Amino acid sequence: MGERMNNNEKIINILEKEYKDARCALNFTTPFELLIATMLSAQTTDLTVNKATEILFKKYNTPEDFRRLDNKELEKYIKICGLYKTKAKNIIEASKKIVTDYDGKVPSTLEELIKLPGVGRKTANVVLSNAFNKDAIAVDTHVYRVSNRLGLSNSKDVNETEEQLMKNIPKEKWSNAHHWLIWHGRKICSAKNPKCSICPLNHICKYYNEIKENN
DNA sequence: AACTCGGGGCA
DNA sequence: TGCCCAGAGTT
């Protein structure tokens, strides 16, 4: 047809093709489990979180279970994730709030989720998009870096990045787009020494073209 | 805007 | 041994 695809469309199409099988890498079978796994994932990797939750969720996997846990008991399971005292405290407090305020069900709006202790915008959006199939794009360090490099966004903060991504990515692809960006960020578009030479997007990447011009 | 929480993985 | 890692809360 006559109309040429713009760069954003091209980028999304390549990402989709390249990361067709990308899924949420965290272990979970319920919204609550995803919430806990995502809370644990701060400043660590999915491998570490999965190692911890694989054992943890066999014993405890509902807000009712977690709200009764002793801090020390929970810390024992999640110590390998790091920042474990804060995380244990927040997880237990969040579980109490879910039971008392939301009838034991994880709330499914951004406003409610970010009121849970230890839950910020990123964690809330992961739960919304992955557990509840809501229209949301979670922006973590990978998404922020990669989308800015590619030119899908051009922003200094998370809020702005979310808005720009929602504008530049077709709605029906929002739920998967952040997985594609995260996987790309880990495999190729790393913070340091990105593997631009083998990147399937380098020919339309803003960052790569800037680098080339400066050399 | 800077500071703090933090054990594990990997060079 | 040193550096980094799917953030969030406090000051």
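The analysis underlying the following values was restricted to heavy atoms, covering all of them including side chains, and did not include hydrogens, waters or symmetry mates. Bear in mind that the values here come from a model prediction, so they are computed numbers and not experimental data. The chains referred to below are lettered A, B, ... by the order of the sequence lines, with proteins before strands, and numbering in each begins at 1.
- The distance between atom CG of Leu83(A) and atom P of dC5(C), rounded to the nearest whole Å, is 14 Å.
- Rounded to whole angstrom, the span from the CZ atom of Phe28(A) across to the P atom of dA6(C) amounts to 18 Å.
- Summary of the strand contacts: Ala191(A) and Asn90(A) both lie near DNA chain C, and taking for each the nucleotide with the nearest heavy atom, the more 5' one is attributed to Ala191(A).
- The gap from the P atom of dC3(B) to that of dA6(C) amounts to 22 Å, rounded to the nearest Å.
- Remark: DNA chain B forms stems of 3 or more consecutive Watson-Crick or G-U wobble pairs, all pair distances under 3.5 Å, at B:1-5 with C:7-11, B:7-11 with C:1-5.
- Closest-nucleotide positions on DNA chain C for Ile114(A) and His179(A) were compared, and the one nearer the 5' end corresponds to His179(A).
- Between Lys51(A) and the phosphate of dG9(B), there is a side-chain N or O to OP1/OP2 separation shorter than 4.0 Å.
- Taking the six-membered ring for Trp and the full ring otherwise, the centers of His179(A) and Tyr19(A) sit at least 6.0 Å from each other.
- As judged by a 4.0 angstrom heavy-atom cut-off over every strand, Val49(A) is placed among residues making no nucleic acid contact.
- Rounded to whole Å, the distance from CG on Asn193(A) to C1' on dC3(C) is 13 Å.
- As rounded to whole Å, 17 Å separates atom P of dG8(B) from atom CG of Asp46(A).
- One interatomic measurement links the two molecules: CG of Asp140(A) to C1' of dA8(C), which rounds to 14 Å at whole-angstrom precision.
- OP1 or OP2 of dG7(C) lies within a sub-4.0 Å distance of a side-chain N or O belonging to Thr141(A).
- Taking the six-membered ring for Trp, Phe32(A) and Phe66(A) have ring centres closer than 6.0 Å.
- The pair Glu162(A)-Arg121(A) meets the salt-bridge criterion, since a charged nitrogen lies less than 4.0 angstrom from a carboxylate oxygen.
- Close to dG8(B), at under 4.0 Å from its OP1 or OP2, lies no side-chain N or O of Thr45(A).
- For the pair His178(A)/Val139(A), no side-chain contact is recorded, criterion being any heavy-atom separation below 4.5 Å from C-beta on.
- Residue contacts shown for Thr44(A) include a base, since a base heavy atom lies under 4.0 Å away.
- Of the side-chain N and O atoms in Ser41(A), none sit less than 4.0 angstrom from OP1 or OP2 of dG7(C).
- Rounded to whole angstrom, the span from the NZ atom of Lys79(A) across to the C1' atom of dC5(B) amounts to 14 Å.
- Under 4.0 Å is where a charged nitrogen must lie from a carboxylate oxygen, and between Glu75(A) and Lys85(A) no such pair does.
- Residues Lys51(A) and Glu54(A) are not paired through a salt bridge, judged by the lack of any N-O separation under 4.0 Å between the basic side chain and the carboxylate.
- Note on Lys192(A): a side-chain N or O is less than 4.0 Å away from OP1 or OP2 of dC4(C).
- Per the geometry, CG belonging to Leu113(A) stands 17 Å off C1' belonging to dG9(C), to the nearest Å.
- Counting any heavy atom pair closer than 4.0 Å across all strands shown, Ala37(A) reaches no nucleic acid atom.
- You'll find the side chain of Tyr60(A) stays beyond 4.5 Å of the side chain of Arg68(A), heavy atoms only.
- Counting non-hydrogen atoms under 4.0 angstrom, Leu26(A) reaches a base of the nucleic acid.
- Spacing between dG8(B) and dA8(C) at atom P, rounded to whole Å, works out to 22 Å.
- Contacts of Lys85(A) with the nucleic acid, taken as non-hydrogen atoms under 4.0 Å apart, involve only primed sugar atoms and P, OP1 or OP2.
- Taking atom CG on Leu47(A) and atom C1' on dA6(C), their separation rounds to 12 Å, with Å as the unit.
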Name the atoms and distances for all side-chain donor-acceptor pairs under 3.5 Å in residues 105-112 of chain A, with sequence neighbours left out.
| unit_1 | atom_1 | unit_2 | atom_2 | d |
| --- | --- | --- | --- | --- |
| Thr109(A) | OG1 | Glu112(A) | N | 3.3 |
| Thr109(A) | OG1 | Glu112(A) | OE1 | 2.8 |

